[in-house]
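As the structure is a prediction and not an experimental result, all values here were calculated from the model.
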Amino acid sequence: MTAVLQVENLKTHFFTRAGVVPAVDGVSFSVNRGEVMGLVGESGSGKTVTGFSIMGMVDKPGRIVGGRILYQGRDLANLREREWQAIRGRHIAMIFQDPMMTLNPVLKISTQMIEAVQAHVHISKQAARERCLATLARVGIPSPAERMDAYPHQFSGGMRQRVAIAIALLHDPEVIVADEPTTALDVTIQAQILAEVQKLAEGSGTALIWITHDLSVVSSLADNIAVMYAGRVVEQGRAATVLRHPAHPYTHGLIESIPSRNKRGVDLAQIPGMTPPLLDLPQGCAFRPRCPNATDACRADQPPREMPTGQMARCIHPMRESEVAQ
Amino acid sequence: MTEALLEIANLSKRFREDHDMAARLAARMGMGHEPATVHAVDDVSFSVAPGEVVGLVGESGSGKSTIGRMIAGLLPPTHGTIRFEGADITTRNRAETTAAALQIQMIFQDPMSSLNPRMRVRDIISEAPVYHGIITQSQAREFVAQMLERVGLEPTAGDRYPHQFSGGQRQRIVIARALAVSPQFLICDESVAALDVSIQAQVLNLFMRLRRELGLAYLFISHDLGVVEHISDRVVILYLGRVVEIAPTDALFSDARHPYTQALLAEVPRLSFEKRRFEPIKGEIPSPMNPPPGCHFHTRCPFAGPRCSREVPRLRQDGPRAVACHLEDGGVA
Amino acid sequence: MVAYLLRRLGQSLLAVIAMAVLVFLGVYAIGNPVDILINPEATERQRLEIMERMGLDRPLWEQFWVYFGNLLQGDFGRSFVYGESAMSVILQRLPATMELALFALVLAIVLGVPLGVIAGLKPDTVGGRSIMAGSILGFSLPNFWQGLMMILIFAVFLGWLPAGGRGQTTEFLGMRVSFLNLDGLKHMILPAINLALFKMALVIRLARAGTREVMMQDYIKFARAKGLSHRRVVLVHVLKNIMIPVVTILGLELGSMIAFAVVTETVFAWPGMGKLLIDSINRLDRPVIVAYLMLIVFLFVLINFLVDLLYSVLDPRVRLAQRGTQ
Amino acid sequence: MSDISITPPVEKAPQKKAISPLRAAMLDFASSPLAMIGLVVMVVMVLAAIFAPWITPQNPYDLSQLSIMDNNLPPGSESFGGQTYWLGTDPQGRDMLSAIIYGLRMSLIVAVTATLCALAIGMAMGITAAYFGGRIDTLIMRVVDLQLSFPAILVALILLAILGKGVDKVIIALVIVQWAYYARTVRGSALVERQRDYIAAARGLGLGHARVMFRHLLPNTLPPLIVVATVQIAQAIALEATLSFLGVGVPVTEPSLGLLIANGYSYLLSGAYWISVYPGVALLVAIVAINLVGDQLRDVLNPRLRR
Amino acid sequence: DTLRIGLASEPTSVDPHYHNLGPNNALARHIFTPLIEQDAQQLLNPGLATEWEAVDDTTWRLTLREGVTFSNGAPFTARDVIYTICRIPLVPDAPSPFTLYTRAIAGLEAEDDHTLIVTTDGPAPLLPNQLATFGIISASVSGAEDEVSFDTDGCTGIGDAPASAEFNDPAFAIGTGPYTLDAYIRGEELRLTRNDNYYGDAPAWEQIVMRPLTNAGARVAALLAGDVQMIENPPTQDIARIEGDGFVISSGLSNRVIYIALDQGDAPTPGIAGDTNPLQDARVREALALAIDREAIQQRLMLGLSEPAGELLPAPMFGTNPDRPAIPYDAERARELLADAGYPDGFQIVLGTPNDRYINDGAISQAVAQMWTQVGVQTEVDAKTFSAFIADRNGFNFSAFLAGWGAGTGEMSSPLGALVATRDPDRSLGGTNFARHSNPDIDDRLVEALQTVDDAERERLLREASAIAMDTFAIVPIHYELTTWALAPGLEYEARADQYTLGFAVTQAD
Ligand SMILES: Nc1ncnc2c1ncn2[C@@H]1O[C@H](COP(=O)(O)OP(=O)(O)OP(=O)(O)O)[C@@H](O)[C@H]1O
Ligand SMILES: Nc1ncnc2c1ncn2[C@@H]1O[C@H](COP(=O)(O)OP(=O)(O)OP(=O)(O)O)[C@@H](O)[C@H]1O
Ligand SMILES: [Mg+2]
Ligand SMILES: [Mg+2]
């Protein structure tokens with residue numbers, strides 16, 4: 001299996017008045033056809049910026065300053081805006097977090113869908129409409145023909161997210177970047193969306209990059225997981241491996257602090273301290289100040305290493321099997 | 001069971017569209033619409049014992065916050081009573097109000113919006129105690145330091161403004177502010193939902209510690225069953241403004257009785273080590289403005305029968321548990 | 001909708017009545033119109049006769065009562081100066097003012113919106129900054145002073161355009177209008193620009209603020225992620241959204257434009273209602289003043305109403321029935 | 001308070017210096033050179049206006065100091081008394097430089113007083129409406145709507161026609177036409193703030209209505225108001241000038257900038273440009289400076305546009 | 001051959017009998033002709049009446065012009081005159097009716113179609129002047145019956161008198177004047193076309209277009225830009241420039257005097273502190289009169305377009321004393337007089353003034369205030385728009401105010417009767433005497449003059465009365481206004497004392 005999308009040492013920085021913000025600083029991963037890749041990390045760790053970098057949509061004052069984004073072997077990082085437009089939506093699509101905000105409130109659903117079709121293929125409005133209807137049906141919207149000419153506000157949040165997914169699916173893209181698409185939804189609706197997405201990914205062979213801060217969500221969805229901390233991927237590998245045998249102390253801490261993993265009435269295992277500001281990162285491993293295993297050696301930059309369990313982690317003091325409480 | 005600290009009975013809250021004269025006139029002329037009513041909370045009863053943590057679970061719009069706000073005295077109930085330490089606090093007069101109000105404090109979801117951005121942390125924490133004469137202005141500095149320390153912040157934090165703190169720290173400031181008036185009862189409305197997992201763990205631990213050390217009771221509002229399972233002694237499940245099930249935490253998680261509870265438990269994403277298939281319940285939560293008749297859940301319930309759309313199920317007490325479902329009460333036929 | 005109409009109607013009625021009462025009393029307090037109108041050589045007896053004929057000898061409340069009674073029958077009274085129905089005196093002048101205001105409005109929108117959008121899209125460029133600097137100037141120049149300077153430059157020094165007056169008019173839909181012939185247009189340009197400049201600055205600012213705000217919204221990012229061209233994003237997604245505030249504010253401003261025409265009309269000797277008002281105030285022509293203000297209030301209400309209708313067309317989220325209660 | 005000692009892990013907050021939101025805003029403000037120029041000009045003008053009696057060569061409002069024998073002199077002329085009229089004189093023989101500084105003073109007094117009064121009234125009304133809601137809100141807002149459905153210029157015009165001339169009357173007229181505007185602005189932002197949880201928290205802490213309104217709600221509705229107020233001062237200056245131009249403003253013997261322009265207006269064509277142009281320039285500079293400051297304030301105080 | 005005129009103020013109606021107001025009367029002259037015309041100096045000339053003579057003290061015989069037709073071709077006869085005089089009191093809602101000039105008429109009898117006998121209820125020496133103030137309208141067009149007869153209690157045969165608004169319609173505005181109405185668009189323009197049936201000399205202009213340009217600056221700009229060829233009242237300060245650009249200025253003495261009235265009524269008087277009224281003392285009034293430097297005002301403010309005044313009407317108009325100079329400027333004497341009167345330190349006074357009515361009125365008042373202040377009378381100026389000023393003045397709220405008086409009839413009886421004669425509504429005297437001056441010496445002479453048909457005797461009485469008024473400083477005149485017109489190069493217009501702008505009197509110089 002070859003990777004549809006391969007990100008190599010991606011660096012996206014923001015040049016603000018206060019200084020350079022290394023929002024993404026050397027991120028590498030790849031996704032294969034039909035696979036789901038979970039990109040996990042806490043707020044501000046650079047997940048969204050990574051997603052936008054893949055879409056070629058980093059806005060000023062941000063800029064991709066290094067690395068490559070290989071889509072089917074072709075480097076996208078230096079494309080011009082026009083070339084990006086041809087790729088966006090057609091080969092790589094994106095879904096956003098808040099379904100209330102992703103659809104333009106003043107345009108009909110049909111307008112927003114048809115324009116997405118016509119942006120890439122020159123077909124008649126009628127044909128484009130047919131295609132939209134078919135896609136809406138695929139994501140489980142009942143009686144799409146009647147609802148297509150409605151405005152977004154006439155839809156519930158779950159429905160809107162389905163519409164957004166349908167728009168992403170219009171051209172059967174090879175890659176879909178989903179940036180926390182279920183976070184804002186209710187539990188029962190989230191489950192519905194997850195089920196739909198799961199079906200679609202399996203059916204069409206689309207590669208999915210699922211961005212989330214909630215390990216629980218990806219644990220049952222993703223084939224591979226990459227954990228981000230302060231702009232870097234600190235650990236990545238097969239989902240089962242990473243979750244079962246977290247090597248990086250951060251991943252470990254993350255898993256341990258999920259409440260349902262702990263007994264009731266007992267204190268949760270917690271990671272002390274808090275995420276450092278990106279403008280003022282500690283030298284070497286950014287997790288060092290919060291890490292129980294940290295030593296002076298951690299002051300050096302940590303390249304990703306392969307762990308005995310098979311995953312890659314940027315850590316010289318990985319968690320030993322025995323420390324990982326089950 | 002000891003005497004309940006908080007007891008709410010038949011609590012209801014209806015929000016009614018405010019119709020002015022013109023709208024009423026139009027309605028009279030048959031060309032407008034009657035003011036729409038939202039039954040945000042519909043005949044809810046439960047109690048909280050001293051030192052107990054009760055989890056309040058439900059999806060968006062189910063009325064969790066409304067219940068919390070009514071107990072905190074921020075919203076008058078449309079109907080029903082709220083007794084705190086035996087006294088009805090919905091009909092109390094102003095002098096009593098203040099004293100009782102201070103006993104119940106609320107902690108909100110978004111720590112940024114619950115702090116006045118234009119006040120220093122010191123003033124935020126000491127304002128109410130000074131106002132109520134609990135401490136004097138000269139004691140404030142010392143007092144604030146104490147409070148900050150109690151929630152795990154440096155005393156110097158008092159000199160700064162809220163925007164200079166991270167989310168988790170802000171939530172601690174909010175907690176310190178609440179603790180400053182020595183409450184007995186905290187209402188936590190999604191208090192950890194906005195926090196990252198690692199920070200959430202810190203705050204949850206803080207809640208647990210305060211409970212141990214100060215003997216606080218909590219009403220813990222959350223849609224995250226994992227959090228509720230971890231922290232609560234008992235859980236109340238709401239659906240569209242009504243209680244569908246009340247049970248001790250262990251019992252609920254091992255043996256949910258109401259179909260909705262069952263569905264919720266099945267669908268909460270939990271850390272698993274294998275990919276799994278999602279099998280969601282169908283349909284969406286109906287609008288509270290126009291809820292389905294009978295059992296609100298019958299439109300989505302896999303077990304629904306004819307009776308469910310006709311008759312509102314009673315909340316039947318069964319030992320420590322209570323369920324409102326016809327399945328438990330003579331069948332759905 | 002009906003409730004909304006009723007509410008508006010009630011409010012307007014209140015406004016009109018309040019206006020009528022206040023102005024009626026106010027103008028009465030200024031002085032006796034007969035003293036100004038009458039030939040100074042007239043005798044006291046004649047003066048009393050005229051006052052009696054005009055009903056000015058009666059006590060104020062009685063005058064008001066009579067006036068109000070006539071008003072209910074749609075009679076606004078006769079102008080003391082012109083001896084004709086006050087309303088018809090005003091309506092003769094209405095087309096000139098409306099024409100000027102609408103022309104100015106069109107100018108403000110046609111020039112203001114694109115400039116504002118450009119400034120909003122490129123806030124930090126020289127162009128964007130110059131537009132904003134220009135708009136501050138437009139904002140700051142007091143109307144009359146700017147008019148004087150325009151006359152001085154374009155009419156007196158350069159001699160390109162006429163200094164004032166209305167020029168030739170053509171009959172159009174039963175009204176006399178200037179924009180259909182060259183001479184009329186030439187006369188209208190300066191006053192229209194004079195009236196438009198302030199609003200144009202306002203539109204630029206609104207459009208700029210709106211553009212900056214809208215550009216940050218998720219739905220714009222999502223539109224870009226669909227692969228839409230920059231053009232379409234700006235022309236459809238951004239424009240339609242910023243038109244909402246622009247239309248709302250401008251609608252209200254049309255009212256104030258009609259009102260502010262008082263100044264422009266005075267400076268440019270434009271024979272509109274505004275000048276009539278000033279003349280009438282100077283001559284204490286009470287029926288005309290009261291009728292004018294009531295007409296303005298009525299226009300305001302009407303415009304507000306139209307704006308609301310337009311607003312609900314532009315913004316599907318708004319349902320008239322629900323506005324106003326908030 | 002219980003005496004249980006608790007020893008949690010005390011956490012270090014970020015080691016930033018404690019800068020207040022005000023200081024931060026000030027630093028942000030200074031980032032625009034244009035706005036700084038505006039601010040400097042504004043300060044200079046305010047100082048000039050305050051110290052007018054000490055810095056002007058003549059008191060243009062004192063008739064005994066004027067002589068029509070010196071009238072309509074071009075800039076740089078010398079008077080009978082040997083002093084130089086740097087900006088010329090007007091038809092009354094006023095030294096234009098002095099007249100402009102006094103005119104500025106008059107314009108600023110009128111505009112600032114009117115704006116402050118309107119602000120105070122509008123703020124009280126707006127906050128009350130937003131905080132209590134319901135009938136009080138409806139009542140206040142109806143009055144506001146009513147007021148706003150009359151165009152400001154016309155209301156001012158009619159009012160002044162009725163009240164007659166005078167500084168106090170102009171101020172009254174400006175207050176009447178402006179207060180509703182503030183009330184609406186304040187109510188708008190107060191409604192938003194009122195939804196925020198810190199208000200609920202303050203009430204939950206048993207604080208009185210007055211305290212919540214003025215200590216919590218008010219300061220947080222101020223930023224948009226400050227912006228509106230700065231812009232409104234500029235507008236008030238312009239409106240006063242316009243009213244004076246239309247002949248219903250301040251008395252002719254104590255001309256504001258607007259009246260100076262109006263007086264000089266009829267001399268423009270005859271070549272005595274200085275009577276109208278210099279006050280016009282002063283007025284323009286004043287308004288531009290205030291607007292520049294207001295504009296930057298708007299950007300600084302709008303958190304949504306903040307980077 | 002179109003003459004475009006920029007008017008300083010717009011006529012309010014085409015009806016010649018609606019509003020007795022300069023602009024209206026001037027417009028009416030183009031369309032309707034009066035029985036007797038006034039020339040530029042307001043001297044009487046034949047109009048529709050070729051001759052008029054006093055048969056006795058109360059009877060006048062008028063000979064009407066023969067062969068005159070209205071613009072619609074109908075002949076002009078005595079019936080039209082009777083009809084016109086009958087209609088004047090019936091004009092609905094007239095804010096300033098012409099009854100002022102017809103009230104003396106007690107009877108009208110047509111001896112034949114072109115001879116008219118007028119009887120008055122007392123000696124009416126001013127009747128010819130009064131008959132010169134209004135134009136004659138067509139009885140037939142207005143819907144009169146064939147037989148029209150006059151009666152002070154109500155004429156017969158006049159049908160329904162037409163409303164003023166009807167005259168705004170060209171089909172109705174039918175007169176015997178040199179022009180006919182083409183279009184009247186209120187606020188915008190008035191178009192007149194030459195009347196080919198006019199009995200007099202055909203005027204030079206095929207068409208006359210009048211545009212109200214009330215704003216002086218706009219008016220001048222329109223002239224300079226060539227939009228109009230003639231404007232009324234160019235602002236004094238612009239005249240140099242207008243002339244510099246090759247335009248023609250025509251100016252002449254008007255019948256308007258600008259004066260200051262000093263309240264001589266009861267103490268206390270408004271605006272002066274204390275319970276005395278210093279203005280009752282003639283020495284104080286004299287001091288204030290002498291303190292005004294009329295020449296400075298003429299030179300610096302009016303730029304020469306005024307004539308310092310020593311009376312209420314410029315010589316040689318009827319009833320003036322040609323040997324009376326303007327009041328001199330003597331600040332020294334003024335201070336002495338004030339000291340004599342017991343005010344060595346002066347007093348405080350408010351000077352009321354309109355600021356949009358007379359030429360430079362506000363500026364003149366401020367200058368007067370400067371001058372008074374310099375002799376020790378601290379003066380504050382209270383400038384208002386005319387309407388507000390009038391309200392205050394008529395309410396006796398000023399102890400000193402500046403105003404103007406134009407003598408419509410062109411004789412001294414007019415200003416004396418209005419401004420100086422003791423207030424007496426019954427005798428129609430002192431109507432504008434808001435200074436409350438009262439002197440029987442003046443009153444007696446005036447009343448007698450008004451009863452005297454003999455011109456020489458009347459003039460003697462008026463001269464005496466005027467001299468007394470001036471000697472006692474009953475009122476303080478400042479100057480006579482010059483009325484000015486500006487015209488495109490090559491045009492000429494003789495300045496008129498009545499300030500009327502008559503397009504047909506404009507001629508090409510060539
Ligand atoms: N326009 C910008 N200017 C400056 N810094 C930016 C900008 N956009 C993002 N950043 C910074 O980049 C970092 C990564 O942001 P990003 O949005 O990718 O985080 P995230 O992992 O998606 O977090 P969340 O879970 O909150 O969405 C953040 O620290 C943020 O401050
Ligand atoms: N002030 C109000 N006016 C009208 N309706 C209201 C008001 N407050 C709440 N509601 C309605 O009452 C219902 C319950 O709201 P509530 O905020 O209590 O739900 P919740 O369970 O807290 O939801 P969430 O999880 O979204 O916070 C909702 O349908 C809401 O729309
Ligand atoms: Mg993100
Ligand atoms: Mg809630």
Self-check item: Contact winner vs chain D - E/Thr373, E/Thr236, E/Asp238, E/Thr385, heavy-atom pairs under 4.5 Å
Solution: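 Most heavy-atom pairs within the cutoff with chain D belong to E/Asp238.
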Quiz item: If you tally heavy-atom pairs under 4.5 Å against chain D, which of E/Ala369, E/Ala388, E/Ala363, E/Ala216 wins?
Solution: E/Ala363
Quiz item: Just checking heavy atoms, which of residues 220-232 of chain E are less than 4.5 Å from chain D?
Solution: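 Counting heavy atoms that sit under 4.5 Å from chain D, the residues of residues 220-232 of chain E involved are E/Val220, E/Ala221.
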Quiz prompt | Part of residues 295-305 of chain E lying next to chain D, heavy-atom separation under 4.5 Å | solution =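 Result: E/Ala296, E/Ile297, E/Arg300, E/Leu301.
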Spacing of [atom1] belonging to [X] relative to [atom2] belonging to [Y], to within rounding of 0.5 Å:
X: E/Thr12; Y: E/Glu10; atom1: OG1; atom2: CD; value: 8.5 Å
X: D/Leu239; Y: D/Ser107; atom1: CG; atom2: OG; value: 11.5 Å
X: E/Met371; Y: E/Arg294; atom1: CE; atom2: CZ; value: 9.5 Å
X: D/Glu240; Y: D/Leu174; atom1: CD; atom2: CG; value: 7.5 Å
X: E/Tyr480; Y: E/Ser306; atom1: OH; atom2: OG; value: 11.5 Å
X: D/Ile158; Y: D/Ile176; atom1: CD1; atom2: CD1; value: 13.0 Å

Quiz item: Are the ring centres of E/Phe398 and E/Phe389 closer than 6.0 Å?
Solution: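 Ring centres of E/Phe389 and E/Phe398 closer than 6.0 Å.
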Side chain, backbone, both or neither of [X] within contact of chain D (heavy atoms, under 4.5 Å):
X: E/Ser387; value: neither
X: E/Ala240; value: neither
X: E/Asn355; value: side chain
X: E/Ala383; value: both
X: E/Gln374; value: side chain

Listed pairs under 3.5 Å, donor-acceptor, residues 272-283 of chain D side chains, sequence neighbours left out:
residue, atom, partner, partner atom, Å
D/Trp274, NE1, D/Leu73, O, 3.0
D/Trp274, NE1, D/Thr89, O, 2.9
D/Ser276, OG, D/Ile261, O, 3.3

Self-check item: Heavy atoms from other residues, nucleotides or ligands near CZ of E/Arg335 exceed 12 (cutoff 6.0 Å)
Solution: yes
Practice problem: Step through the shown structure and confirm whether more than 12 heavy atoms of other residues, nucleotides or ligands are within 6.0 Å of OH on D/Tyr181. | Solution: no
Quiz item: Is it true that a side-chain atom of D/Thr84 and a backbone atom of D/Trp86 form a donor plus acceptor pair closer than 3.5 Å?
Solution: no
Quiz prompt | E/Ile260/E/Trp372 under side chain to side chain contact (heavy atoms under 4.5 Å, CB included): CA gap, chis, key distance, verdict | solution = CA-CA 12 Å; E/Ile260 288 178; E/Trp372 283 359; 3.9 Å; yes
Practice problem: Assess the side chains of E/Ser251 and E/Trp485: does a donor N or O sit below 3.5 Å from an acceptor N or O? | Solution: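 Note: E/Ser251 and E/Trp485 side chains miss the donor-acceptor criterion.
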Quiz item: Any side-chain heavy atom of E/Leu402 within less than 4.5 Å of one from E/Asp361?
Solution: yes
Exercise. Please say which of D/Met42, D/Gln232, D/Gln235 ends up in a side-chain contact (heavy atoms from CB on, under 4.5 Å) with D/Ile290.
Key: D/Met42
Exercise. Quickly, which of D/Thr113, D/Leu257, D/Ile237 forms a side-chain contact (heavy atoms from CB on, under 4.5 Å) with D/Leu108? Name it, please.
Key: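 The option that passes is D/Ile237.
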Quiz item: So which bits of residues 91-98 of chain D come within less than 4.5 Å of chain E, counting non-hydrogen atoms only?
Solution: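 Expected list: D/Pro91, D/Gln92, D/Arg94.
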